[in-house]
Amino acid sequence: MAEENKETVSRHFIEVEIDKDLKEGVYDHVQTRFPPEPNGLLHIGHAKSILLNSGIAKEYDGRFLLRFDDTNPSKEKEEFMEAIIKDVDWLTEGYKEEIRYASDCFQEMYDAAVRLIKRGKAFISTLSAEEMREYRGTLTEPGKNDPDRERPAEESLRMFEEMKSGSVPDGAMTLRAKIDMSSPNINMRDPVIYRVAHIAHPRTGEQWCIYPMYDFAHPIEDAVEGTTHSLCTMEFEDHRPLYDWVIREAAPDAAAGERPWASVPRQIEFAKMYLTNVVTGKRYIKKLVEDKLVDGWDDPRLVTIAALRRRGYTPAALRNFITLSGISKAQSSSDMAMLEYCLREDLKLTTDRVMAVLDPVKLVIDNYPAGQTEMLTVENNKEAPERGTREVSFSGELYIEREDFMEEPPKKYFRLFPGNEVRLMNAYIVTCTSCEKDAEGNVTVVHCSYDPDTKSGMPGADKKVKGTIHWVDAATAVTAPVRVYESLIDEEKGVYNEEDGSVNLNPDSVKLCENAKLEAALGQAKGGDSFQFVRSGYFHADVKDSKEGAPVFHRIVSMKSSFRLPA
RNA sequence: UGGGGUAUGGCCAAGCGGUAAGGCAACGGACUCUGACUCCGUGAUUCGAAGGUUCGAAUCCUUCUACCCCAGCCA
């Protein structure tokens, strides 16, 4: 499937650029990386970056690194690292991934900063954060030079050493790059490249109390690790001049015997992945989790990678989704329907099709011998015969879907109604005779009679009827909770209100079918198994939030469309 | 109103001067032991708008419009 798509999906602009670089000899190999900050879990948007970066490396037979951008210990937590590694492993299925940490390069970064100072390209500033902001200017007005801008290199060097030694309190000094305070690109207005922070780092502990800023650290990490193509999202486009500046101005001095950068990386930007009507965006998800409006980072209503995995999405489906969505620079949001299509495609041949009744109503076959039970041999997946068969019990009392019976059917309704005949999937053809109702007029039991000569597979049983419905044997059926996530969190409804900080969930996003009746065998489903509930869509067994270890079924995707009654 | 970026059917997206690929969604029809799957078929006289260059423009030029990003000692 994935191979087929490769032929029809044209090469995107990043591949075109890399081809050009290779052809022109700018690089003779390709190395990419995925650089998350460990301050939260990964979501579908990151999946695009992971799959793009690892996919490019794979395509060009290059190296792919997972690198944690752990340059700000005040915001990062080690607990996220493990989860992120798991997500990346799962998504890429372990493709040649090596794990690195920006903090591994702290010494190189420090050395680079020293070079910059010596070269007169950086200086120590004593401006406060507020003063810094005032001096920076605005979008339309240029900034003013820092009073410390012409500080002699020797003095800056000495002060930088003080910063490093720990004698300088947080915020008292910063190291700024000396570029251009009047640049229309605010990123170039003498950006801070090192700040003081007396916080223990998860990996380097108390070794450092000064930490590099993203704009300084990122290019050096890439260069030191040998990344050739630094693929990132569009908002970093106007950081690129600074990225290139750092690589160029802070480069090791070959004449002084310093080892040169492992590579001179090239940054290329692409548009983020957004989904229609779904909250992506780490800060929103984080808010939902922290406010306990969802069960956790892997709540199935979320689109974190952990949640998608728990819900039953497969790496192959996500991979195909990213491929089909394409890579471009245009701000866009992909349709959930395409994600679901990709999952259906993957699951179609790899799951068993089973009968499950989500909203049960009893069906009694009046002329079926009392007390009799027979076992039917049923194929697990007609389109994938290699998946084998299973035994399903059948008797005179069954459960059928409430919507499969109507006392007064509209036109073109060809399921059960008085006088109509219908095939019970894998079993007999039955004719509806009557129904019983309670005081409120709700149907409680549907009666029918069956034709013993129409058993599936028997000679002469190929009589055509308009409708076929699914069922479950009342005697052996197991009752299990089934969760149907009708929609994920709806962005249109203002999940997160910036003004008052409130977060709202769409109350219709989850429907619980507490009394769903499933084939007996499904009672033993393990967490992680996926099934196609005939006509109800694809479901995924999850034991995580079940009290007795029995599976709770989560809907992964619904069928493409279903019969709707006229309003 | 400074800088950067993007605009192609409902949602993505190819196209790079030669007369609008493809996928998802939708809608017809065939098939069907579920109305699913599968299989056929249908859609932009038009590429944000207006001018211009050209035999010829979504592709080149000009102007305009809309949307996104940037003023953290976050990444």
Side-chain angles (χ1 to χ4, degrees), chain A residues 5 8-12 35-37 39 69-72 74-76 102 125 127-129 132-133 136-143 170-176 183-189 191-197 210-211 213-215 217-218 232-241 269 271-272 275-276 282 321 323-342 344 348-349 353 382-383 401 404 412-415 422-427 429 454 456-457 461-470 532 534-537 559-564:
Chain A
N5 284 320
T8 56
V9 173
S10 42
R11 294 175 76 68
H12 54 71
E37 180 186 20
N39 66 347
D69 257 352
D70 56 347
T71 58
N72 184 1
S74 71
K75 291 200 173 182
E76 293 144 12
S125 169
L127 249 33
S128 69
M132 190 85 79
R133 195 181 317 124
R136 187 157 35 231
T138 67
L139 294 178
T140 53
E141 299 158 33
D170 288 9
M173 289 183 193
T174 57
L175 179 67
R176 300 183 73 177
S183 172
N185 180 348
I186 293 182
N187 296 301
M188 299 300 270
R189 314 237 264 232
V192 170
I193 57 178
Y194 255 98
R195 80 284 219 176
V196 180
I210 55 173
Y211 294 96
M213 299 292 287
Y214 165 86
D215 280 314
H218 207 86
C232 64
T233 45
M234 294 298 290
E235 70 265 31
F236 293 106
E237 195 156 30
D238 43 37
H239 288 245
R240 194 170 65 222
E269 310 82 11
K272 276 182 173 172
L275 283 181
T276 52
K282 212 186 256 180
F321 175 61
T323 304
L324 291 183
S325 293
I327 307 294
S328 74
K329 296 177 73 136
Q331 217 263 25
S332 62
S333 62
S334 294
D335 205 322
M336 274 298 285
M338 186 140 77
L339 214 205
E340 299 199 335
Y341 160 80
C342 290
R344 264 187 263 119
K348 201 175 289 175
L349 269 11
R353 304 181 67 189
K382 288 184 174 122
E383 281 150 81
E401 211 70 69
D404 284 348
K412 293 176 89 172
Y413 180 85
F414 38 84
R415 275 119 92 177
V422 119
R423 166 137 243 142
L424 292 177
M425 195 176 187
N426 298 316
I429 290 176
T454 57
S456 290
D462 52 354
K463 177 180 171 186
K464 300 285 181 219
V465 287
K466 211 71 162 111
T468 301
I469 63 174
H470 53 97
Q532 183 188 144
V534 177
R535 210 180 65 219
S536 298
M559 289 301 208
K560 197 172 172 190
S561 62
S562 62
F563 178 79
R564 283 187 218 298

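A note on names: the letters A, B, ... follow the listed sequences, proteins ahead of strands, and every chain is numbered from 1.
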- Item | Under-4.0 Å side-chain N/O to phosphate OP1/OP2 contact, A/Ser10 with B/G22 | no
- Message: Using atom C1' in both nucleotides, what's the gap between B/G18 and B/C40 to the nearest angstrom?
- Response: 32 Å
- Starting at atom CG of A/Leu349, determine the distance to atom C1' of B/A36, rounded to an integer number of angstrom. 14 Å
- Message: Distance check, C1' atoms only: B/C68 and B/C73, in whole angstrom units.
- Response: 27 Å
- Message: Roughly how many Å apart are B/C47 and B/G17, using the C1' atom of each and rounding to a whole number?
- Response: 15 Å
- Distance between P atoms of B/G10 and B/A44 (Å, rounded): 12 Å
- Message: Do A/Glu269 and A/Thr233 make a side-chain contact, defined as non-hydrogen atoms from C-beta onward lying under 4.5 Å apart?
- Response: no
- Which residues satisfy the side-chain contact (heavy atoms from CB on, under 4.5 Å) test with A/Ser333, sequence neighbours excluded? A/Tyr274, A/Thr276
- Pair pattern of RNA chain B in dot-bracket, where unpaired bases get dots and | marks partners in another strand, Watson-Crick or G-U under 3.5 angstrom: .(((((((.[[[..)..(...]]].(((((.......))))).....[[[[[..)....]]]]])))))).....
- Item | Any side-chain heavy-atom pair of A/Arg423 and A/Lys463 under 4.5 Å | no
- Whole-Å distance, A/Arg535 CZ to B/C37 P, equals 14 Å
- What interatomic distance, in whole Å, is found between P of B/U54 and the corresponding atom of B/G4? 31 Å
- Query: With rounding to whole Å, what would you report as the distance between B/G15 and B/C27 at their P atoms?
  - Reply: 31 Å
- Say you pick atom P in B/C39 and the same atom in B/A49; how far apart are they, in whole Å? 36 Å
- Task: Starting from P on B/C11, measure out to CD on A/Glu340 and report it in whole angstrom.
- Result: 18 Å
- Sequence-distant partners of A/Asp335, salt bridge (Lys or Arg N to Asp or Glu O under 4.0 Å), two or more places apart: none
- Message: Less than 4.0 angstrom between a side-chain N/O of A/Ser328 and OP1 or OP2 of B/A13, yes or no?
- Response: yes
- Query: How do A/Ser325 and A/Ala461 order along RNA chain B: which one's closest nucleotide is nearer the 5' end?
  - Reply: A/Ser325
- Query: What distance, rounded to whole Å, do you find between the two C1' atoms, one in B/C67 and one in B/C55?
  - Reply: 37 Å
- Query: Between A/Arg189 (side chain) and A/Ser183 (backbone), is there a donor-acceptor pair under 3.5 Å?
  - Reply: yes
- Task: Look at all strands and tell whether A/Gly457 reaches a base, only sugar-phosphate, or nothing, counting heavy atoms closer than 4.0 Å.
- Result: base
Kindly give the atom pairs (protein nitrogen or oxygen, nucleotide nitrogen or oxygen) under 3.5 Å for nucleotides 23-25 of chain B.
residue : atom : partner  : partner atom : Å
B/C24   : OP1  : A/Tyr341 : OH           : 3.3
B/C24   : O2'  : A/Met338 : N            : 3.4

- Task: Take the protein atom CD1 of A/Ile469 and the nucleotide atom C1' of B/A36, then report the distance between them rounded to whole Å.
- Result: 16 Å
- Could you state the atom-to-atom distance from CD of A/Glu383 to C1' of B/C39 in whole Å? 13 Å
- Task: Can you see which heavy atom on A/Lys382 is nearest to which on A/Asn426, and at what distance?
- Result: NZ-OD1, 3.7 Å
- Minimum side-chain heavy-atom gap A/Ile210-A/Arg195 below 4.5 Å: no
- Item | Torsion-based syn/anti label for B/G23, 90° from 0 as limit | anti
- Message: Classify the ring geometry of A/His218 against A/Tyr214: parallel below 30°, tilted from 30° to 60°, perpendicular beyond 60°.
- Response: tilted
- Residues in side-chain contact (heavy atoms from CB on, under 4.5 Å) with A/Ala271, at least two apart? A/Met234
- Query: Checking side chain to side chain contact (heavy atoms under 4.5 Å, CB included) for the pair A/Ile186/A/Arg136: CA distance, chi angles, key distance, verdict?
  - Reply: CA-CA 8 Å; A/Ile186 293 182; A/Arg136 187 157 35 231; 3.9 Å; yes
- Query: Quick one: do A/Arg415 and A/Glu401 make a salt bridge, cutoff under 4.0 Å?
  - Reply: no
- Salt-bridge criterion met for A/Arg535 and A/Asp404 (N-O under 4.0 Å): yes
- A/Lys272 NZ to B/G5 C1', in whole Å, measures 14 Å
- Looking for any heavy atom pair under 4.0 Å, which part of the strands does A/Ile210 touch: base, sugar-phosphate only, or nothing? nothing
- Message: Walk along nucleotides 68-75 of chain B from 5' to 3' and tag each nucleotide B, S or - by protein heavy-atom contact under 4.0 Å, base first, then sugar-phosphate.
- Response: -BBBSBSB
- Query: Is the distance from OP1 or OP2 of B/C37 to the nearest side-chain N or O of A/Lys382 less than 4.0 Å?
  - Reply: no
- Message: Can you give me the closest heavy-atom contact between A/Met213 and A/Tyr194, atom names plus distance?
- Response: CG-N, 4.1 Å
- Measure from CD on A/Glu237 to C1' on B/U6 and round the result to the nearest Å. 10 Å
- Item | A/Asp404 CG - B/A36 C1' separation (whole Å) | 13 Å
- Message: Among B/C11, B/G2, B/U38, which nucleotide has an atom closest to any side-chain atom of A/Lys348?
- Response: B/U38
